[in-house]
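The structure under discussion appears below in the form of structure tokens.
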Amino acid sequence: MGGLKGHSDVSGVFAFLNKDYKRGYAGWEQCEHIGVSFDLEADLSQLSEQFGPDKSAHVRAMSFVIPSEGAMQSIADDWRMEAYNAGGKINF
């Protein structure tokens, strides 16, 4: 998670897309997991190691300057609906 190194206080919503994701497409059908985090660096690092490169090959993330659990959960719910409708997974 190169761009997050040393920034342990970054909060946001994230989605792991598997190795079949192709840039330039929405890719929700390749979604493996969607989550909310108050420490993106730690959570993304831990989950990517836990589930391996095939299921966590790509990350889609939206960071929040002023974290609001309700706002982040709302975005995550929207993403889950997109993934569900496309046939992707919302959790490992």
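These figures come from a predicted structure and were not determined experimentally.
In this structure, a donor-acceptor pair under 3.5 Å is absent between the side chains of Q30 and N18.
Under the 4.5 Å side-chain contact rule for hydrophobic residues, W28 and M81 do not share a cluster. Under a hydrophobic-cluster definition in which Ile, Leu, Val, Met, Phe, Trp and Tyr are linked whenever side-chain heavy atoms come within less than 4.5 Å, directly or via other members, L17 and W79 are assigned to different clusters. At a threshold of 4.5 Å between side-chain heavy atoms, the hydrophobic network of Ile, Leu, Val, Met, Phe, Trp and Tyr places L44 and Y21 in two separate groups.
Scanning all heavy atoms of the two residues, the minimum distance from C31 to A15 falls at SG-CB, 4.4 Å. A pairwise comparison of heavy atoms in R80 and I34 identifies NH2-O, 3.3 Å as the closest pair. In this structure, E32 and K55 approach most closely via the heavy-atom pair CG-O, 3.5 Å.
With rounding to the nearest 0.5 Å, the separation of OG in S68 from CD in Q73 is 10.5 Å. Note: F14 CZ to S56 OG = 10.5 Å, rounded to the nearest 0.5 Å. Rounding to the nearest 0.5 angstrom, the gap separating the CD atom in Q46 from the CZ atom in F51 is 8.5 Å.
Using a 4.5 Å heavy-atom threshold, the side chains of F64 and V13 count as touching. Contact check for F38 versus D9: no side-chain heavy atoms found under the 4.5 Å cut-off. Looking at M62 and I75, their side chains come closer than 4.5 Å, going by heavy atoms from C-beta outward. Side-chain contact between S37 and L40 is present, with at least one heavy-atom pair separated by less than 4.5 Å.
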**OP:** Could you walk me through whether R60 and F16 pass the side-chain contact (heavy atoms from CB on, under 4.5 Å) test, one step at a time?
**Re:** CA-CA 7 Å; R60 179 173 290 155; F16 278 125; over 6 Å; no
**OP:** Dump the intermediate steps for side-chain contact (heavy atoms from CB on, under 4.5 Å) on H33 and L47, then the final yes or no.
**Re:** CA-CA 10 Å; H33 180 80; L47 286 171; 4.0 Å; yes
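S48 places a side-chain N or O within 3.5 Å of a backbone atom of S45 that can act as its donor or acceptor partner.
Every pair tested for salt bridge (charged side-chain N to carboxylate O under 4.0 Å, His left out) that includes a residue from residues 12-24 fails, sequence neighbours excluded, so the list is empty.
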